[in-house]
Amino acid sequence: MGKAVVIVGGGQAGAQVAQSLRQGGFDGPIRLIGDEPHVPYQRPPLSKKFLLGEMAEDGLFLRPPAFYDAQMIDFIPGTLVTRIDPAAKRLSLANGDTMDYGTLVLATGTRARPLPLPGADLDGVVSLRSIADVNDIRARFATARNLVIIGAGYIGLEVAAVARLSGLDVTVLEAEDRPLKRVVSPALSAYYSDLHARNGVRLRVGTGVLSIEGQDGKVTGVLLRDGETVPADVVLVAIGALPNDELAREAGLDVDNGILVDGGGQTSDEAIYACGDCTRFHSARYDRSVRMESVQNAIDQAKAVAQSILGQDVDYDPLPWFWSDQYAVKLQIAGLSEGYDDTKTVGDPSSDKFYVAYLKNNQLIAVDSVNAPRSHMMARRVIGETWRDDLLPDA
Ligand code: FAD
């Protein structure tokens, strides 16, 4: 029993650790504990095809339920872990049970950042993170007319696209002066503003929200700082995510807006590893600490953790990549663009096919490709090189 690897969090990263341990020859007990009722599933389609109704629930599952039995992975759904006792190597569960571990992996992900304003608890104010959230939102969309989305990040804009395709009247409220400001260049923001305007979304930037208004406990609108009320039957709060790092902090592990891990995924306790959205690590490539929210990071960091547990030396420092689907437009991002001092736009945004290369000291650090998959794939190979006009293929 002492050899058991216990994984807390049955999402993308947790499932990958279990799978990679078995693939790497680990033959001890593996327990994978998740608080959701489902087998591990992919989240990206939640705000895309699954919300639109074009994908069935079991299409989200990373592996069929039988996989876990076949691999002797003891998957325990619907079970919240409430406490870690690192000295005793013991977990407390919400159902009153305890569970001992030899090695612990925290893969607890993130949760939607709550809106700290009056009215945020009204019926009809929702956020989107899980299958349960989408089932609730879809039921609301069936009878709603006016959707207001607070936050023009990826999830907010993806839901805006799906809601327009579903016939809803959509307003997106963004406090910053352009959508996706924290992650893309002004050229990309301008493209996405235009794309959503063309599809009938009212995108209002530089717009502060004062409160959510309601009647009889149900949302009726959103009160803006300028005194206007935007009518709403449903309000989606999409203002980012917070790492689920409380278990680790309460156990005395080093935490700083994410569980701190080294290149092998090890926390400040040598028997405890962590991976995925809940972690923060130092990237030598970008010379700073990063916390990523992406499938690439969840999978690759989970593989690194499995390698570490198997006794291999590993120094995880990935080239990050990400994607977002809105209407018929696929954005693919390679690298992190923060800190760029120049950009090159190749192709014509009005043709919905182009890319923006981000440079720092004339070195390529990131590329955002819109409907240009070849430039994205090539970018993942050449990021870090000195820029020249033929470094990437035409859009
Ligand atoms: P999660 O997948 O969040 O899994 C963590 C699991 O741990 C959850 O099931 C949680 O309930 C459980 N848990 C937490 N605490 C406990 C506890 N104490 N006890 C038991 N269980 C617990 N990434 C992309 O690269 N491209 C995209 O297009 C994209 N789109 C996205 C769209 C949406 C709507 C969302 C929500 C995310 C999207 N992402 C996308 C991000 C991507 O899904 C995440 O980066 C990835 O799921 C992270 O995996 P994870 O295992 O770290 O966390």
Side-chain angles (χ1 to χ4, degrees), residues 6-19 31-52 60-62 75-84 91-95 97 99 104-113 126-134 137 149 151 153-159 161-162 183 236 238 240-251 258-259 261 265 274-280 291-303 305 318 320-326 330-334:
V6 176
I7 304 163
V8 181
Q12 186 94 47
Q16 186 66 50
V17 173
Q19 183 182 330
R31 310 226 150 80
L32 176 58
I33 312 176
D35 59 353
E36 295 187 68
H38 316 280
V39 287
Y41 60 92
Q42 43 165 341
R43 291 179 201 275
L46 294 181
S47 49
K48 309 175 182 79
K49 286 193 164 159
F50 184 60
L51 180 60
L52 194 54
L60 298 169
F61 297 158
L62 294 168
F75 172 57
I76 307 166
T79 302
L80 180 73
V81 175
T82 54
R83 188 168 168 267
I84 306 167
L91 302 179
S92 303
L93 312 182
N95 61 14
D97 289 350
M99 186 184 291
L104 181 65
V105 180
L106 299 174
T108 46
T110 51
R111 62 184 178 278
R113 182 189 291 274
V126 297
S127 56
L128 197 169
R129 182 80 217 156
S130 65
I131 289 179
D133 293 339
V134 178
I137 292 169
I149 298 173
Y154 288 119
I155 292 180
L157 293 183
E158 288 181 353
V159 172
V162 170
V183 279
L236 175 78
L242 298 174
N244 292 324
D245 57 15
E246 291 77 7
L247 270 183
R249 182 181 308 117
E250 286 158 15
I259 305 167
V261 293
C275 52
D277 283 14
C278 66
T279 67
R280 174 175 292 280
R291 190 177 70 73
M292 297 187 188
E293 293 171 10
S294 70
V295 167
Q296 172 277 318
N297 180 62
I299 292 176
D300 293 342
Q301 198 179 28
K303 288 179 179 171
V305 163
W321 55 268
F322 185 81
W323 73 95
S324 173
D325 298 327
Q326 297 167 44
K330 181 175 270 305
L331 170 67
Q332 291 169 293
I333 294 181

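Counting starts at 1 for both ligands and their atoms, following the listed order. As a basis for the values below, the full set of heavy atoms in this structure was taken, side chains included, without hydrogen atoms, waters or symmetry mates.
- When only modelled atom types and interatomic distance are considered, R113 and S127 share no side-chain donor-acceptor pair under 3.5 Å.
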Please tabulate protein-ligand N/O pairs under 3.5 Å for ligand 1, atom names and distances to 0.1 Å.
residue  : atom   : partner : partner atom : Å
ligand 1 : 2 (O)  : R43     : NE           : 2.8
ligand 1 : 3 (O)  : R43     : NE           : 3.1
ligand 1 : 3 (O)  : R129    : NH2          : 2.9
ligand 1 : 9 (O)  : E36     : OE2          : 2.6
ligand 1 : 9 (O)  : R43     : NH2          : 3.1
ligand 1 : 11 (O) : D35     : OD1          : 2.5
ligand 1 : 11 (O) : D35     : OD2          : 3.4
ligand 1 : 18 (N) : V81     : O            : 3.0
ligand 1 : 19 (N) : V81     : N            : 3.0
ligand 1 : 21 (N) : D35     : N            : 3.2
ligand 1 : 21 (N) : D35     : OD1          : 3.4
ligand 1 : 25 (O) : V295    : N            : 3.0
ligand 1 : 28 (O) : K48     : NZ           : 2.7
ligand 1 : 28 (O) : W323    : O            : 3.0
ligand 1 : 28 (O) : W323    : NE1          : 3.4
ligand 1 : 30 (N) : K48     : NZ           : 3.1
ligand 1 : 45 (O) : D277    : OD1          : 2.7
ligand 1 : 45 (O) : D277    : OD2          : 3.3
ligand 1 : 45 (O) : S294    : N            : 2.9
ligand 1 : 45 (O) : S294    : O            : 3.4
ligand 1 : 51 (O) : Q12     : N            : 3.2
ligand 1 : 51 (O) : A13     : N            : 2.8
ligand 1 : 52 (O) : D277    : N            : 2.9

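- Taking the charged nitrogens against the carboxylate oxygens, D277 and R129 do have a contact shorter than 4.0 Å, which makes a salt bridge.
- Note: D325 CG to L157 CG = 12.5 Å, rounded to the nearest 0.5 Å.
- Not counting sequence neighbours, D133 has no partner by the salt bridge (Lys or Arg N to Asp or Glu O under 4.0 Å) test.
- Legend: residues meeting salt bridge (Lys or Arg N to Asp or Glu O under 4.0 Å) with K49, ordered by chain and number and at least two apart, are absent.
- For R111, the side-chain hydrogen bond (donor to acceptor under 3.5 Å, both in side chains) partners at least two apart in sequence or on another chain are N244, E246.
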